[in-house]
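For reference, the structure is listed below as C-alpha cells.
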Amino acid sequence: MYLNRLEVNFENKPCYDIVIYDDFSDLKNELSKFDIENRKICIVTDSNVAEIYLDKVKEELEGLKVFTHIFEAGEQNKHLETVSGIYDTLIFNKFDRKDILLALGGGVVGDICGFAAATYLRGIDFVQIPTTLVSQVDSSIGGKTGVDFKHFKNMVGAFYMPKLVYVNINTLNTLPEAEFSSGMGEVIKHGLISDKDYYYGLFENHKKILSGDIKALADMVLTSQKIKKEVVENDPYEKSQRAILNFGHTLGHAIEKEKNFSLSHGVCVGLGMLAAFDICIKKNKLSEDDRKFFSDLLEIYSLETGTDIDVEKVFEATFNDKKMEAGQIKFVLLNKIGDAYIDRNVKKEDMVEALKSICKEI
Ligand SMILES: NC(=O)c1ccc[n+]([C@@H]2O[C@H](COP(=O)([O-])OP(=O)(O)OC[C@H]3O[C@@H](n4cnc5c(N)ncnc54)[C@H](O)[C@@H]3O)[C@@H](O)[C@H]2O)c1
Ligand SMILES: O=C(O)C(=O)C[C@@H](O)[C@H](O)[C@H](O)COP(=O)(O)O
Ligand SMILES: [Zn+2]
C-alpha cells in the first residue's frame with residue numbers, strides 16, 4: 001500500500017522521489033519510469049538482507065534482466081575491496097552505462113553501492129531500497145556515497161544522487177533491536193538540529209515507536225526524511241549548512257574507528273552528541289536539565305550514554321574529519337534544542353573534556 005511521496009530537488013531542479021510503501025509490490029511500477037524493460041539490473045545487497053528479502057524483490061522484478069551481487073554484511077566490509085567485487089560482477093555481466101544498480105539494504109549497502117554506481121564507467125544509475133531505520137531516515141537521502149579507508153570513516157566517496165528511494169516500511173519488522181536503536185540515534189539527531197517538537201515527541205511517543213506501531217514509525221520516518229530533504233536541498237555539497245547533519249559525528253566517527261566498529265553508527269553518533277552537549281553547556285547554550293533529558297532519551301531507545309575509550313586516541317582521530325579546514329575543525333553544536341550551528345572555535349581542552357564526560361569503565 002502506498003503511504004507517501006516526497007520530491008527531492010537537486011541544484012533547484014526535481015531530481016528523485018522518496019516513496020514510502022508498506023510492501024515491495026509497487027517496486028516494479030515505480031521503476032517502470034526508468035525504462036527498466038530495456039536495461040540490466042544488478043541488485044547489490046548484503047548477506048543478511050539477501051537471506052530475508054532478495055527472493056521477494058527478485059519475484060517482484062520477474063521478467064526483467066536481473067543480476068545479483070551479495071557481499072558479507074557489516075561495517076568492516078565497507079571498503080574498496082567490496083566495491084571492487086561489485087565492479088567484477090558488473091564487468092563479467094557486461095553492464096554498460098545505461099544499466100542500473102539497486103541498493104537493497106542498510107546504510108552500508110547504500111553507501112557502497114552508491115559509490116560503485118558513481119564510479120563504474122564514470123557513473124551509472126542507481127536506486128536506493130533502504131531496509132534499516134538509519135537508511136530510511138538518513139543514508140538513502142542526499143547522495144553521500146563512499147567507503148571507509150584504513151578504518152577512517154567515509155574517507156573515499158562521491159556525491160551521487162539516486163534515481164529513486166523506495167522505502168518498504170515493513171522491512172523494519174525484521175530489524176534486530178540494536179539496529180533499530182542505531183537508527184534512533186539519527187532520528188534524535190534530526191530533532192535536535194532542527195525541530196524541537198519532533199525531539200520532545202520522541203519521548204512522548206516512545207511506547208508506540210518501540211512497540212513497532214506502523215503508523216507511528218511511518219510518521220517518524222517521514223518527518224526525518226523531510227528534515228534531511230530540506231537540509232540537502234539547500235546545500236547539496238556540504239559547503240555550509242549541510243554540516244549540521246553531522247551533529248555528533250565528529251567525535252562519533254572517531255569513536256567508531258577507535259572501537260573497531262564494534263559499536264553501531266547510531267550508538268557512536270549518540271555518544272558524540274552527548275559529548276557535544278558538554279561543550280554546549282559550557283557555552284551556556286544548553287542546561288544540565290537538557291543533558292539529563294537527552295541522556296534519558298538515549299536510554300529509552302537503548303543507546304549508550306558512556307563507553308570506555310582512549311580519549312587522546314579518539315581526539316587524534318577527529319583530525320581526519322571531513323569538516324577540518326586549515327587545521328581547524330568545524331564543530332556542530334546547538335544554540336538550543338532544535339537549532340544547530342557550526343562553531344569554528346572549539347578548543348582542544350573542551351573536546352577532551354567532552355570526551356571524558358562520556359567515558360565509562362566497562
Ligand atoms: N550516506 C549517508 O548520508 C549516511 C547517513 C547515515 C549513515 N551512513 C552510513 O550508514 C552505515 C550504517 O547504516 P546501517 O545502520 O543501516 O548499517 P548496515 O547497513 O550495516 O545495517 C545494519 C545491519 O542490519 C542488517 N539489516 C539490514 N536491513 C535489515 C532488515 N530489514 N532486517 C534484518 N536485518 C537487516 C544488515 O545486514 C546489517 O547487519 C554507516 O556506514 C554510516 O556511516 C551514511
Ligand atoms: O548527509 C549528511 O550530510 C550527513 O552528514 C549524514 C550523516 O548521518 C552520515 O553519517 C554521513 O555519512 C556522514 O558523512 P561524513 O561526510 O561525515 O562522512
Ligand atoms: Zn550518520
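Owing to the predicted nature of the structure, the values given are computational and were not obtained by experimental measurement.
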Q: For Lys336, look at atom NZ and say whether over 12 heavy atoms of other residues, nucleotides or ligands are found less than 6.0 Å away.
A: no
(Q) Tell me if the NZ atom of Lys330 is crowded by more than 12 foreign heavy atoms within 6.0 Å. (A) yes
Q | Set of residues satisfying salt bridge (charged side-chain N to carboxylate O under 4.0 Å, His left out) with respect to Lys153, sequence neighbours excluded | A | Glu75, Glu256
**Q.** salt bridge (charged side-chain N to carboxylate O under 4.0 Å, His left out) against Asp343, all qualifying residues, sequence neighbours excluded
**A.** Lys283
Distance-only, no hydrogens or angles: does the [X] side chain make a donor-acceptor pair with backbone N or O of [Y] under 3.5 Å?
X      : Y      : result
Asp278 : Leu274 : no
Lys229 : Glu7   : yes
Ser224 : Val221 : no
Ser194 : Gly338 : no
Asp46  : Val49  : yes
Asp148 : His151 : no
Tyr237 : Ser240 : no
Asp235 : Lys239 : yes
Asn93  : Leu90  : no
Ser47  : Ala73  : yes

Tell me if the centroids of the rings in [X] and [Y] come within less than 6.0 Å of each other.
X      : Y      : value
His253 : Phe152 : no
Tyr16  : Phe10  : no
Tyr301 : Phe180 : no
Phe115 : Tyr160 : no
Phe319 : Phe315 : yes

If two hydrophobic side chains count as joined below 4.5 Å and joins carry through other members, does [X] share a cluster with [Y]?
X      : Y      : value
Val109 : Leu172 : no
Val57  : Val165 : no
Val44  : Leu164 : no
Ile281 : Leu334 : yes
Ile227 : Ile188 : yes

Please report the shortest heavy-atom distance between [X] and [Y], naming the atom on each side.
X      : Y      : answer
Val332 : Ala340 : CG1-CB, 4.2 Å
Ile329 : Met351 : CG2-SD, 4.3 Å
Asp350 : Lys282 : OD1-CD, 4.1 Å
Gln136 : Pro130 : NE2-O, 3.0 Å
Asp99  : Lys94  : OD2-O, 4.1 Å

Q.
Less than 3.5 Å apart, any donor N or O on the side chain of Ser262 or Asn260 sitting next to an acceptor on the other?
A. no
Q: Check whether the side chains of Lys259 and Thr307 place a donor and an acceptor atom closer than 3.5 Å, and report yes or no.
A: yes
(Q) Using a 6.0 Å distance limit plus a 45 degree cone around the ring axis, check whether Lys226 lies over the aromatic ring of Tyr198. (A) no
Q) Please, which pairs that meet side-chain hydrogen bond (donor to acceptor under 3.5 Å, both in side chains) have at least one residue in residues 108-127, sequence neighbours excluded? A) Arg39-Asp125, Lys78-Asp111, Tyr87-Thr119
Q: Could you go through the side-chain hydrogen bond (donor to acceptor under 3.5 Å, both in side chains) check for Asn9 and Asn12 one step at a time?
A: CA-CA 6 Å; Asn9 293 302; Asn12 298 318; over 6 Å; no
Q: Flag the pair Glu59 / Phe24 as yes when at least one side-chain heavy-atom distance between them is below 4.5 Å, and no otherwise.
A: no
Q. Testing Asp296, Asp289, Asp290 for salt bridge (charged side-chain N to carboxylate O under 4.0 Å, His left out) with Lys292, which one passes?
A. Asp296
